[in-house]
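Right, one structure below, let's go through it.
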Protein chains: 2
Amino acid sequence: MSEPRSLPLLGGPPPERSDAARNREALLRAATDLVDHCGVEAVTMDAVAAKAGVGKGTVYRRFESREGLMAALLNHSETAWQAAVLSGPPPLGPGAPPMERLLAFGHSRIETNLKHADLITAAGHSGARAYAAMSFAAMHVRYLLTRLGVRGDVPILATSLLAPLEIAILHQQTHIEQIPVDRIQRGWAELVRRVVAAEPSAVMAP
Amino acid sequence: MSEPRSLPLLGGPPPERSDAARNREALLRAATDLVDHCGVEAVTMDAVAAKAGVGKGTVYRRFESREGLMAALLNHSETAWQAAVLSGPPPLGPGAPPMERLLAFGHSRIETNLKHADLITAAGHSGARAYAAMSFAAMHVRYLLTRLGVRGDVPILATSLLAPLEIAILHQQTHIEQIPVDRIQRGWAELVRRVVAAEPSAVMAP
DNA sequence: ATAGAAAGCGGACTGCGGTCCGTTTAGCCT
DNA sequence: AGGCTAAACGGACCGCAGTCCGCTTTCTAT
């Protein structure tokens, strides 16, 4: 008599079969190589499948769509960035006063988004990833705004502060209006200062 | 002896040939019908061409791409909206105090964007149209902010106020976070109030 | 070891956006 | 009228995202 490897109701989703795992790795490596050597546009589903030595159906089984694949590629850097925010060195990570953290957050977010601009665009609004990324950032900004004593509709204010950091806006500003990045960063800092300063009473951090 | 119908260097782009004009109208009507009866996704280039009784190449000659066609469909309502801002009744049009105009602007923009959400999404960042729409709105907001006595980097602040009105953000808020539209509108008003109120001195209108 | 079932696999197939190029037609000039 | 040219036309064609379904592999229970 034996038990199943893991109790079906406990371990969340069932574990991945070994060939599936191997193929997922191969696909991610193939996609990364293609991005690095030929750019994002060269990442066609056929090309990735061929380079990884699997069929096209397999690509779609692992990653729902092309956007899903791009989202998976973004995942590494996104995770690293979230870790830096949650537990990295100040002022981005914990330890600095809330306002400094907030300004560092915007700075860093603008740089990161511009760095991965084409990948983010290609990932589009791929359900899960976009939502996860947005909700993490939104949660953090809500938290900092609250620490700064901001009253009112904090969730909406947080979204409003996040919106100008979206790649669509940044791309418009840098590529079409030719605005230098550091001016955009200073502009965001000014926006934050105004939103927070309009608060009747600012609160000191404990 | 005769002159050319119009001096070549004066009339801007050369006039449209009559068959071209006829076909453009037929294509726009076909596309509008398809949107109204079957939704935006049904607007395939083949379908539009077939319904208008022309070849596919003709569609691409008139409107550069699918996005360009969608942009052309948006053009009517966009133009009407711009006219309402420039010369319609207050508070959206001229006549009301700047702050009231600004709030009316945001209100109206949110409603308009949500109303044409799928068309705007399908139009994507179709070069000309997206840029024209953005730059009109940006110009208007810059003007009103200046009237309100706002100092600092007004162009960046204007873009920052416009960003949360983009369809991507609005869609996230209304469809995924289930936020009611009027709360979004109140939230934007709060944002504006904070940005403007942070100004040391407000200026009275002449 | 082995059999059975579930998960995974692969590549042919479909539909759509976009391009190309040989043919047609409108508008002008004699 | 007749011809000439540039513009417009049309539909065959291409590449890629995404689907489908019959075949293969892995894992587990005996």
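Owing to the predicted nature of the structure, the values given are computational and were not obtained by experimental measurement. Chain letters run A, B, ... following the sequence lines, proteins first, then strands; residues in each count from 1.
Checked against ring-ring contact (aromatic ring centres under 6.0 Å, His included), A/His140 has the following partners two or more places apart in sequence or in another chain: A/Phe105. For A/Arg22, there are no side-chain hydrogen bond (donor to acceptor under 3.5 Å, both in side chains) partners two or more places apart in sequence or in a different chain. For A/Tyr143, the side-chain hydrogen bond (donor to acceptor under 3.5 Å, both in side chains) criterion is met by A/Arg147, not counting sequence neighbours.
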Please list each protein N or O that sits under 3.5 Å from an N or O in nucleotides 11-16 of chain D, with the distance.
from: D/dG11; atom 1: O6; to: B/Gly57; atom 2: N; distance (Å): 3.4

Atom pairs under 3.5 Å, N or O on each side, protein against nucleotides 21-25 of chain D: can you list them with distances?
from: D/dT25; atom 1: O2; to: A/Arg17; atom 2: NH1; distance (Å): 3.3
from: D/dT25; atom 1: O2; to: A/Arg17; atom 2: NH2; distance (Å): 3.0

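Legend: side chain to side chain donor-acceptor pair (under 3.5 Å) pairs involving residues 59-68 of chain A, not counting sequence neighbours: none detected. Here side chain to side chain donor-acceptor pair (under 3.5 Å) pairs that include residues 165-181 of chain B, with residues two or more places apart or in two chains, are B/Gln172-B/Glu177. Applying the salt bridge (charged side-chain N to carboxylate O under 4.0 Å, His left out) rule to pairs touching residues 75-86 of chain B yields B/Glu78-B/Arg109, sequence neighbours excluded.
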Less than 3.5 Å apart, which donor and acceptor atoms pair up between the side chains of residues 29-49 of chain B and the rest of the protein, not counting sequence neighbours?
from: B/Thr32; atom 1: OG1; to: B/Leu28; atom 2: O; distance (Å): 2.7
from: B/His37; atom 1: ND1; to: B/Asp33; atom 2: O; distance (Å): 3.2
from: B/Thr44; atom 1: OG1; to: B/Ala47; atom 2: N; distance (Å): 3.0
from: B/Asp46; atom 1: OD2; to: B/Lys56; atom 2: NZ; distance (Å): 3.4

Could you go through residues 79-93 of chain A and list every donor-acceptor pair under 3.5 Å that involves a side-chain atom there, pairing it with any protein atom two or more places apart or in another chain?
from: A/Thr79; atom 1: OG1; to: A/Asn75; atom 2: O; distance (Å): 2.8
from: A/Trp81; atom 1: NE1; to: A/Ser108; atom 2: OG; distance (Å): 2.8
from: A/Ser87; atom 1: OG; to: A/Ala83; atom 2: O; distance (Å): 3.1

Can you give me every donor-acceptor pair (side chain of residues 190-197 of chain A, partner residue at least two apart or in another chain, under 3.5 Å) with its distance?
from: A/Glu190; atom 1: OE1; to: B/Asp153; atom 2: N; distance (Å): 3.3
from: A/Glu190; atom 1: OE2; to: A/Arg194; atom 2: NE; distance (Å): 3.3
from: A/Glu190; atom 1: OE2; to: A/Arg194; atom 2: NH2; distance (Å): 3.3
from: A/Arg194; atom 1: NH1; to: B/Val195; atom 2: O; distance (Å): 2.9
from: A/Arg194; atom 1: NH1; to: B/Glu199; atom 2: OE1; distance (Å): 2.7
from: A/Arg194; atom 1: NH2; to: B/Arg151; atom 2: O; distance (Å): 2.6
from: A/Arg194; atom 1: NH2; to: B/Glu199; atom 2: OE1; distance (Å): 2.8

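Along DNA chain C, the nucleotide nearest to A/Gly53 and the one nearest to B/Glu64 differ in position, and the one closer to the 5' end is contacted by A/Gly53.
OP1 or OP2 of C/dG27 sits under 4.0 Å from a side-chain N or O of B/Ser18. Listed pair B/Asn23 / D/dA8 fails the phosphate criterion, with no side-chain N or O lying under 4.0 Å from OP1 or OP2.
One interatomic measurement links the two molecules: CZ of A/Arg24 to C1' of C/dC9, which rounds to 16 Å at whole-angstrom precision.
The nearest pair of heavy atoms linking B/Leu27 to B/Ala52 is CD2-CB, 3.6 Å. Pairing each heavy atom of B/Gly106 with each of B/Trp188, the nearest pair is CA-CZ3, 3.4 Å.
Non-hydrogen atoms lying under 4.0 Å from DNA chain D are contributed by nothing in residues 27-38 of chain B.
Residue B/Arg62 is in sugar-phosphate contact alone, with no base atom involved, counting any heavy-atom pair closer than 4.0 Å across all strands shown.
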